[in-house]
Amino acid sequence: MSNLNWTLYNSIKKFNGTMDTVCFDSPPKTISDGFWIGSISGRSPMKSFLPMFELQVLAIFVVNEICSFILKPLGFPLFVSQMVAGLLLNTLAKGRVAGMIMLFPIGTHDVISSISSLGYVFYIFLNGVQMDFSLIKRTGKGPWAIAIVGLLTPIIIGHLLLFKLPQSMDTGFGSGYKDIYIAITSCSETMFAVIATLLNELQIQNSELGRLALSTSLVMEILSTIITSIIVVVVTLTTSFVEAFVHFALLFSEAILIPLVCRPGMFWIIKHTPEGRPVKSVYLHLIVILVFILGWCSVKIGQDFVLGAFILGLSVPEGPPLGSALVKKFQFLGHWFLLPIFVTTSTMKVELLAKPPVIRKYVILIISCIVVFTHLVKIVSCFIPALYYKMPMKDALALSLIMNCKGVVEIGLYSNLHDAKIISPEAYKVLVISVMIVASIGKLSMKFLYDSSKKYATYQRRNIMNLKPHSQLKIVACIHKPYHISPIMNTLDLCCPTLESPIIVDALHLMELIGSSLPLFIPHGLYRKNTIGYKKSSYSDNFIIAFDMYEHDNAGAAKIHTHTAISPSKLMYEDVCHLALDKAASIIFLPFHQRWTSDGSVESNDKNLRTLNNKALEISPCSIGILVTRVGFKLIRESSITRLAMIFLGGKDDREGLCLAKRAIRNPNIELVVYHLVTEGRDCNQEENLHDKAVLRDIDKGMRNVAYQKIILNEGPQIALFLRDIVNEHDYFIVGRRHKINSPQTQGLSEWSEFPELGVIGDFLASPDFKTRASILVVQQQVSKK
């Protein structure tokens, strides 16, 4: 630091050999005159706060990205790489590395920490917005038991240890009990925001384990917030009974008045927002101003600043239009920009290289042992109730580790306590490093303990081909958009529901989760009138009414159960596969992600839907049919004839599709043509040929309203010409997704396949080059699990 022209300060002197005394201008310079003029005027970049802040932010993000690039592929949580960046920057600065001293001079941490703490406030507020507080009422006994036992057991056992420690132990900031008490209490708690973030990184928040973890953490955070707030009033801030009573009354008033006053105002905003229109920005800005006002009020009654923001967040109705608008508006600023800076600067306060005296080493050892012991007790106290409620042992252990995970909330808590000198630097060091270790262990262990895809594995044959004659057919039909309803119903008509052979349909309305952390699965048979959280969704009402009418029109032949799943778009396949497994469905109908008009132009293209389809094809517990729809497809009516075609090359998917076509021709208004495409010469796969002949036997003999054509085609171009000739002769095509391995008939076509999920033939028929109104159903038989 010999060149003071490149530092923020005018002078730096040592005081008592341990502390630095610095001198700088007050008020400080905000902007500079640049490198050249600044050297003359004295307003050089490094003597001004704004350029220094910008360089500090740049350095933090560069180091964060480097650490994330290294640690993310290894499976570490995202915030851990931000903490490692903070430790690295602090080590370089304390090690007197050239450039780092100039970039992070003494005393400037307060500026960037204060600004970035706004990200922490937004993080807490937005997580409160995304909480569905009504889940508390719907949570069963299991989450409540796990939450209560998992929270109180380590606190009680930990406090019993306090009586065994020497009462004269001092950590430098009052009684030694203070550091240990904070360590026990914070390690016993579980924060909803931390668990929601972890499950989002693991992509399992709408799995059965994820839903249980979210419910349990929500209950645990509400209980721990109440307990901690009361303790702060009674123990930390009071010197007399009257003062304690006043603080408690103010705390109780804040907790009650904010929801009573603010929540009706939120509903007034929603009421005055036209359906389909965004919430006015002025309302969003007023809510943010209210966040800071309530935060100031929380500080005035002796509570943490974020308490008011958290309570206000809980008062905001989750989901669209208001909750989702707040999340979209402020998530980038709070979560993606300011929060990483806050985590890094908070970790930079850790004196990693400092050598404490012997007594301080003893304190570090005691607190480390307390932290480890508390986490072990918490794991056991969550594990035992989970086993009691019949959870598998692996899932129970996974849930226990999730409930022990720590994250950004704990870092913010420890940082505030450190700044207020409530905990010692040694305790701060131990607690922050413990957050890194516990979070890393929790996430890395989940790869070995829990695989959400394995639960859909079933060795039972759940497909149409293995159904007994005239048995009921169980179907899961998925809807995304309003225009999917009619084509899906047409496909249900192909299944020919009759009194002798009925169909049972679980219709699933898939909605993207926006502005909420809690995925919802709503069976409308139970919540027909009051769809929790989404009472104004006219689309859900139309979806329910449409399938109710279908059930009424096919009385006795079709039984419809409607459901709504609200989850992240990347995880919707979980809801689909879980419902199919639970209902023992034989086939799932999914709409294709693209929809073409009759003239060949693309009318809609949903990439998230394609991701769902591909994932479902991989892990589905039953057969799957992907429906490609064009505008103008003729409905199946009693007074009309539907021309159905089955393209049969051979293989189990073609056999599954042919079994569906056989079921369809029970309807006398459907005319089926089976095009059996064969090659000259002998096929080496004799077993597949035997299965193909068996399923074609009754078709070849001749059936009512069925035509069979055996066509010899040896290569892909011949099939392409054949399909072009027949594509306009039919209203509906059924094709298998996969055919015989190394089939010479499809080699030429497979090179030009654009959508592998449709298979070679399905992809060719769905080409926008065809000016046809025909729809295509691509069938994949249940994938065998090994």
request  = Look up atom CG in Leu660 and atom CZ in Arg655, then write down how far apart they are to the nearest 0.5 Å.
outcome  =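 Answer rounded to 0.5 Å: 15.5 Å.
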
ask   = Looking at CD1 of Ile712 and CZ of Phe722, how far apart are the two atoms once the value is rounded to the nearest 0.5 Å?
value = 12.5 Å

inquiry  = For residues 562-573, which residue pairs pass the salt bridge (Lys or Arg N to Asp or Glu O under 4.0 Å) check, not counting sequence neighbours?
reply    =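 Passing the test, one end in residues 562-573: no pairs.
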
key: Inter- and intrachain pairs under salt bridge (Lys or Arg N to Asp or Glu O under 4.0 Å), touching residues 555-564, at least two apart   = Glu551-Lys559

ask   = Would His563 and Phe543 count as a close aromatic pair, with their ring centres under 6.0 Å?
value = no

request  = May I ask you to check whether Phe592 and Phe755 place their ring centres under 6.0 Å from each other?
outcome  = yes

note = Ser623 meets the side chain to side chain donor-acceptor pair (under 3.5 Å) criterion, sequence neighbours left out, with Glu656

ask   = Quick check: are there more than 12 heavy atoms from other residues, nucleotides or ligands sitting under 6.0 Å from NE2 of His552?
value =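 Not more than 12 within 6.0 Å, no.
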
query = Would you say the side-chain atoms of Thr216 pair up with the backbone N or O of Leu212, donor to acceptor, closer than 3.5 Å?
reply = yes

request  = For residues Arg462 and Leu581, report the shortest heavy-atom separation together with the two atoms involved.
outcome  =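 Smallest heavy-atom distance, with atoms named: NH1-O, 3.2 Å.
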
task = Could you tell me which non-hydrogen atom of Glu757 sits nearest to which non-hydrogen atom of Val778, and how far apart they are?
result = O-CG1, 4.2 Å

inquiry  = Name the residue from Val779, Asn613, Leu777 that meets the side chain to side chain contact (heavy atoms under 4.5 Å, CB included) definition with Ile626.
reply    = Asn613

